[in-house]
Amino acid sequence: MSNITALGKEQHLALYRQMLEIRRTEEQLAKSHQAGLIPGACHTYVGEEAIATGVCAHLTHQDAVFSTHRGHGHALAKGVPPREVIAELFGRVTGCSRGRGGSMHLFSPEVGMMGTSGIVGPCILQATGAGYTSKLLNTGNVGVAFFGDGASNNGAFHEGLNLAAIYDLPVIFVCENNMYATEVAFSYATRNTEVAERARSYGMPGVAVDGNDVVAVYEAAAEAVKRARAGHGPTLIEGKTYRTRAHVEGMRDGGYRTQEEIDSWKARDPITTYRARLLEAGLVAEAEVNAVDEAVRVLVEEALEFAKNSPYPDPATVSRYIFSEASA
Amino acid sequence: MSTTTATTTREITFTAAAREALSEAMAADPRIFVVGEGIGARGGNFNTTTGLYELYGPMRLRDTPIVERGFVGMCTGAAMTGSRPVVDFMFVDFILDAMGELINQVAKMQYMSSGRLKMPMVLRGCIGISGASATHHSGSYYPLFVNIPGFKVVLPSNAYDAKGLLTTALKGDDPVLFLEHKLVLNNKGHVPEESYSIPFGQAAVVREGTQATVVALSSMVKKVSDACDSLAKEGISIELIDPRTVAPLDVDTVLQSVHKTGRLLIVDEAFGPCGVGAEISAQVTARGFDDLDAPIQRLNGVHTPTPYSPPLEAAVVPDVKQIVQAIRDLLAE
Ligand SMILES: Cc1ncc(C[n+]2csc(CCOP(=O)(O)OP(=O)(O)O)c2C)c(N)n1
Ligand SMILES: [Mg+2]
């Protein structure tokens with residue numbers, strides 16, 4: 001278990017607040033999906049919030065994050081406001097992708113959110129490319145890829161890690177090992193379920209952490225980001241975690257995993273356990289976390305109202321942005 | 001069509017002209033880098049980068065492992081973050097390993113991000129059938145890309161166009177396929193020393209004529225030109241159009257020509273079904289039906305994998321004799 005006394009109160013409250021913002025936003029998204037307000041797909045990150053939160057805490061808006069189909073948490077942790085995420089899933093013009101993307105295409109380059117993706121794998125290569133830009137133009141920025149255990153069996157994993165390693169690129173590869181790809185157990189899909197061990201094959205450090213312990217993730221990411229910024233190349237971080245909701249909202253979630261397994265992971269919820277640890281250690285006062293709870297509740301409530309009241313995009317603009325405006 | 005008035009020209013090859021465009025652009029813009037297999041110190045299998053490694057070093061002339069998908073994906077992320085990658089595939093057949101990255105990511109990135117990300121990426125490689133290169137080293141494939149929104153597709157047929165079109169590609173913010181037919185690489189032409197650019201979507205009227213319009217792509221421009229020379233001896237007057245880019249496609253120039261000639265033939269080594277000729281034919285029929293005195297005809301490479309043996313290979317590519325016959329048939333309609 002991580003050493004929580006190494007961080008100050010402000011850092012703890014910030015990490016707690018960020019995880020809770022993701023959780024409350026997604027709980028709202030799940031409800032909205034059931035209510036028919038979201039026309040497309042919605043994969044939640046519930047149970048995995050510590051990973052995006054612990055990693056993105058070290059990033060600036062110039063650092064580039066590339067994400068997956070399960071990307072709401074990455075977008076929010078990178079600084080996309082909940083209102084822009086909710087509005088995007090509602091298909092509104094005020095969404096972060098102006099209604100062109102939806103859940104699996106959340107873009108906000110202004111804060112370094114370079115896209116969630118409907119295709120498993122490419123984010124690994126694109127983060128490598130962000131590392132290439134950093135080195136070519138000497139910017140000091142890092143590229144970060146978040147991806148699942150399923151993606152770690154895709155060729156993009158092999159090609160991306162190898163390229164980042166041979167060119168010494170400032171990239172952090174973050175595998176969110178939640179033990180399943182849809183219903184396929186990771187233990188079925190590979191003979192070696194320790195993703196971090198694969199780093200050795202590429203000649204880079206690999207670190208496995210408890211992905212439900214935000215401070216453990218925070219510390220591993222601190223080291224990886226420091227290494228990358230110092231020009232010492234990429235790191236692979238494996239966060240061992242679990243998604244406690246269905247693969248995608250509305251999908252039946254039975255058969256491939258037991259209720260005991262789900263319950264055991266719910267007992268290790270990254271937010272409630274962290275809250276309890278902080279209070280128990282006396283690192284924050286109850287009133288302080290309560291204030292965060294309330295602030296997040298209001299933020300998400302306002303975000304929902306904002307999204308509901310936002311207009312849809314104008315159909316006349318449907319062919320805009322296929323090419324750069326300068327060349328159109 | 002150049003945007004600057006050129007003064008000094010020399011006769012150089014297509015490859016040298018394209019390389020000059022690349023070198024000029026790299027000198028002017030430190031964000032441009034090239035990736036590929038053997039494009040560093042070796043200078044490229046087709047001499048696309050000869051001498052550039054000495055000028056710009058390993059970070060900008062980046063030899064890669066054999067990972068077409070990997071380096072296209074890497075270049076996608078690089079372009080999203082402010083670099084301007086040039087991907088040199090050597091043979092464009094190898095691009096097929098990267099199709100997912102190209103179609104799902106590169107082509108859609110600007111749209112998905114509502115125009116807030118740019119995708120300046122040049123994807124270049126050799127196309128075409130020649131020299132018993134057989135079926136894994138002879139594909140053309142450009143109709144696949146023309147079908148996808150988000151790509152610009154350039155088919156230079158001569159040295160002058162190669163330099164001007166590559167300059168445009170390197171200055172723009174969009175993904176561009178720059179496809180170089182093996183049979184035109186060593187052809188020489190008059191090329192200005194100065195930098196110049198040729199806008200995309202402007203066809204060249206290679207020769208004027210009155211009796212029929214022939215649109216020819218890439219290596220077929222030279223073959224059709226030879227066919228026109230031989231027909232001219234009989235007093236047959238053909239207008240030859242080289243679209244130069246097939247996305248965007250300049251149909252207006254073809255329509256103007258058909259308005260004058262009333263007849264149209266499209267000659268293309270690439271496959272016929274759903275190809276560029278089919279598209280031109282559909283658009284000309286839709287917009288210029290009243291100008292047509294005969295059905296539009298196409299002459300394409302045979303719809304088959306490319307065979308190796310020279311007599312078989314010769315049987316799949318349109319040659320001058322077939323082109324002459326196709327034009328005669330069109331005039332007889
Ligand atoms: C290339 C590709 N193949 C298949 C899919 C369909 N698909 C969507 S999510 C998913 C499972 C991904 O598993 P993992 O990488 O472990 O991420 P998780 O959903 O567990 O977060 C699959 C197969 C896809 N989106 N892309
Ligand atoms: Mg998974």
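In this text the structure is predicted, and so the values were computed from the model without any measurement. Each chain gets a letter, A, B and so on, in the order its sequence line appears, and its residues count up from 1.
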Checklist entry - Pick from A:Ile166, A:Thr128, A:Asn162, A:Leu163: which one has the most heavy-atom pairs with chain B under 4.5 Å? => result A:Leu163
Checklist outcome for this item: Comparing B:Met112, B:Arg116, B:Lys108, B:Met109 against chain A, the one with the most heavy-atom pairs below 4.5 Å turns out to be B:Arg116
Next on the checklist: Taking side chain as everything from C-beta outward and backbone as N, CA, C, O, which of these in B:Pro120 sits under 4.5 Å from a heavy atom of chain A? Side chain, backbone, both or neither.
Outcome noted: neither
Next on the checklist: If you apply the rule side-chain contact (heavy atoms from CB on, under 4.5 Å), what do you find for B:Leu177 with B:Tyr142, and how did you get there?
Outcome noted: CA-CA 8 Å; B:Leu177 283 118; B:Tyr142 41 82; over 6 Å; no
Item to check | Residue A:Ser117 versus chain B: region with a heavy atom under 4.5 Å | outcome: side chain
Checklist entry - Of the backbone (N, CA, C, O) and the side chain (C-beta and beyond), which part of A:Val171 lies under 4.5 Å from a heavy atom of chain B, both, or neither? => result neither
Checklist entry - Heavy-atom distance under 4.5 Å to chain B: side chain of A:Tyr132, backbone, both or neither? => result both
Item to check | Trace of the side-chain contact (heavy atoms from CB on, under 4.5 Å) decision for A:Ile119 with B:Gln105 | outcome: CA-CA 9 Å; A:Ile119 304 293; B:Gln105 309 295 328; 3.9 Å; yes
Item to check | chain A contact via B:Pro149 - side chain, backbone, both or neither, heavy atoms under 4.5 Å | outcome: both
Next on the checklist: Please evaluate residues B:Ser83 and A:Thr133 with respect to the criterion side chain to side chain donor-acceptor pair (under 3.5 Å), reporting the C-alpha separation (whole Å), side-chain torsions for both, the decisive distance (0.1 Å), and the verdict.
Outcome noted: CA-CA 6 Å; B:Ser83 304; A:Thr133 292; 2.6 Å; yes
Next on the checklist: I'd like to verify something: which residue of B:Arg31, B:Arg62, B:Arg60 has the highest number of heavy-atom pairs under 4.5 Å with chain A?
Outcome noted: B:Arg62
Next on the checklist: Any salt bridge linking B:Asp29 with B:Lys171? Criterion: basic side-chain nitrogen under 4.0 Å from a carboxylate oxygen.
Outcome noted: no
Checklist entry - So what's closer than 4.5 Å to chain A heavy atoms on B:Asp97: side chain, backbone, both or neither? => result neither
Item to check | A:Tyr321 six-ring face occupied by A:Arg100 cation (under 6.0 Å, within 45°) | outcome: no
Item to check | Sole residue of A:His72, A:His74, A:His247 in ring pair (Phe, Tyr, Trp, His ring centres under 6.0 Å) with A:Tyr45 | outcome: A:His74
Next on the checklist: Quick test of your reading of the model: are B:Arg124 and B:Glu180 salt-bridged, counting only N-O distances below 4.0 Å?
Outcome noted: yes
Next on the checklist: Given the ring of A:Phe323, does B:Lys152 sit roughly above its face, with NZ or CZ under 6.0 Å from the centre of the six-membered ring and within 45° of the axis?
Outcome noted: yes
Next on the checklist: Please rank A:Gly160, A:Gly121, A:Gly131, A:Ala156 by heavy-atom pairs under 4.5 Å with chain B and give me the top one.
Outcome noted: A:Ala156
Checklist entry - When only pairs under 4.5 Å are counted, which of A:Pro122, A:Gly102, A:Cys123 shares the most heavy-atom pairs with chain B? => result A:Pro122
Checklist outcome for this item: Answer key: most heavy-atom pairs under 4.5 Å with chain B among A:Gln62, A:His158, A:Glu110, A:His105 is A:Glu110
Checklist outcome for this item: Okay, A:Leu137 and chain B: the region with an atom under 4.5 Å from a heavy atom over there is side chain
Checklist outcome for this item: When the 4.5 angstrom heavy-atom criterion is applied to B:Phe151 and chain A, the contacting part is backbone
Item to check | salt_bridge(B:Lys118, B:Asp174) N-O dist < 4.0 Å | outcome: no
Item to check | A:Ala64 versus chain B, the contacting section by heavy-atom distance below 4.5 Å | outcome: side chain
Checklist entry - Heavy-atom distance under 4.5 Å to chain A: side chain of B:Gln110, backbone, both or neither? => result both
Checklist entry - Can you tell me if A:Glu238 uses its side chain to pair, donor with acceptor, with the backbone of A:Val195 under 3.5 Å? => result yes
